[in-house]
2 protein chains.
Amino acid sequence: MTTSKKSASPEQASLEEAYPSTVEGLVLEERLGYALRRAQLKVFRHFDDAMREHDIRPAQFSSLVVIEGYPGVTQSSLAQTLSIDPPRVVNLINSLEERGLALRVRCKRDRRSHGIFLTKTGEALVERLKGLAEQSDLEATQSLSEIERRQLLTLLRKVYASEEHGD
Amino acid sequence: MTTSKKSASPEQASLEEAYPSTVEGLVLEERLGYALRRAQLKVFRHFDDAMREHDIRPAQFSSLVVIEGYPGVTQSSLAQTLSIDPPRVVNLINSLEERGLALRVRCKRDRRSHGIFLTKTGEALVERLKGLAEQSDLEATQSLSEIERRQLLTLLRKVYASEEHGD
DNA sequence: AGCATATAGTTATAATAGGTAACTATTTTA
DNA sequence: TAAAATAGTTACCTATTATAACTATATGCT
């Protein structure tokens, strides 16, 4: 582990040789967490750009898509599906309701739970947004071929879908 | 665009057929941002578990690794390398300094900037942590073969390393 | 039936992450 | 020397993630 230890100490003021402003090729690039975060930052920035005019955040978009696919989905189910906490779902659905995109309907069978539905406005919006999101992903991954893009998605799914220890 | 529109409206109370608590196989799984977030959540949770006893957060670990590789690196250089904002670097280095892991040294040539160095304690810790991080990544990606792990890293790097639009 | 327990949603906190604006101290440049 | 740029810092704001505690309802037990 003493491979490239430079052992530069502050006392010898080794600041004379300056590093480039961005330092590359480091051990960090072998870290999965680092790579995931950097890639996610980039993809999310593109997403934000694409959604700016509609003022939609990633979590809002995901919610809209799930509700569209599963009208009447409950908040707890939505929380589990998106891996977000129940308290955040409350805020999320509140904002969608306030904007007239979705609405809660109290469930007859179990009056504790609420089914969530899209309004007509919400349905129209999500159709538009899905196209924008698709485009945004393509732009963010311009450096990948279509095959590589699919590989990446498959590998990521394989990572998050495995539930070995009660994830 | 009208492929699988279910057009369930709240009025008809379609809550009778309940969905499973976690809903799978949805359009969302084709979204790169969704897959990245889910995978990152999982990898970071493993990382947190591995680092718990040392009370080290991901950004602190990354900083330690960069400082180890580039002793005397400046705060601005660190910020760019890790894609974090200058204000956060301040807090980050403050906490590392308070814990006796790193220290700032005012640069002689440019007295505005500070070089950051690891203390002996910091050097010893980061050696230990690198092993833990490696192990944590392996655990989080147990569902991948060694080849797939390398593919994933390569693809992620390809995504974040491309700077087409001034990223 | 009554009572304990569990669940759905909500509210309230807190810590972390991410970004912006403004300020100080320096250095560079023109 | 004056103006502009840079390194770091402080202050602020929002979003994300995670708790804990509370209300209302439902379920299970005896």
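Naming: A, B, ... by sequence-line order, numbering from 1 per chain.
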Between CD1 of A:I93 and P of C:dT11 the distance, given in whole Å, is 14 Å
Counted 5' to 3', the first and last nucleotides of DNA chain D within 4.0 Å (strictly under) of a heavy-atom of chain B are D:dA5 to D:dA18
### Salt-bridge present (A:E30, B:R157; N to O < 4.0 Å)
yes
For this session: Check whether any side-chain N or O of B:R38 sits under 3.5 Å from a backbone N or O of B:E29 as a donor-acceptor pair, and report yes or no.
Result: no
Main-chain N/O of B:V65 paired to B:K130 side chain as donor or acceptor, under 3.5 Å | no
Here the distance between atom P of C:dA8 and atom CG of A:L92, to the nearest Å, is 18 Å
When rounded to whole Å, the CG to P distance for the pair B:D85 and C:dT20 reads 8 Å
Residue pair B:Q75/A:I84 against DNA chain D: nearer the 5' end by closest nucleotide is B:Q75
Here the salt bridge (charged side-chain N to carboxylate O under 4.0 Å, His left out) pairs for residues 84-101 of chain A, sequence neighbours left out, are A:E97-A:R104
Inset, instruction - Examine distances only and state if a side-chain atom of B:T74 and a backbone atom of B:G115 form a donor-acceptor pair shorter than 3.5 Å. - result: no
Query raised in the report: Is the closest basic N to carboxylate O distance between B:R52 and B:D49 below 4.0 Å?
Result: yes
- Message: Tell me if the side-chain of B:R111 makes a donor-acceptor pair with the base of C:dT26, cut-off 3.5 Å, by modelled atom types.
- Response: no
| message | Whether the side chain of A:S143 engages the backbone of B:K158 through a donor-acceptor N/O pair (distance < 3.5 Å, no angle test) should be reported. | response | yes
| query | Base, sugar-phosphate, or nothing: which does B:D110 touch, judged by heavy atoms less than 4.0 Å apart? | reply | sugar-phosphate
On DNA chain C, more 5' by nearest nucleotide between A:V89 and A:R37 is A:V89
Please list, pair by pair, any protein nitrogen or oxygen found under 3.5 Å from a nitrogen or oxygen in nucleotides 13-16 of chain C.
{"unit_1": "C:dT16", "atom_1": "O3'", "unit_2": "B:R57", "atom_2": "NH1", "d": "3.4"}

(request) Considering just the side-chain nitrogens and oxygens of B:R109, establish if one lies under 4.0 Å of OP1 or OP2 belonging to C:dT28. (result) no
Separation of C:dT20 atom P from B:N91 atom CG, nearest Å, is 17 Å
With the side chain defined as heavy atoms from C-beta on, A:P86 is closest, among C:dA25, C:dT10, C:dG19, to C:dT10
Original post:
Hey, is the main chain of A:S77 close enough, under 3.5 Å, to the side chain of A:T81 for a donor-acceptor pair?
Top reply: yes
On DNA chain C, more 5' by nearest nucleotide between A:R104 and A:R112 is A:R112
Exercise for review: Test side chain to side chain donor-acceptor pair (under 3.5 Å) on B:S162 and A:Q142 and set out the steps.
Suggested key: CA-CA 8 Å; B:S162 74; A:Q142 270 182 343; over 6 Å; no
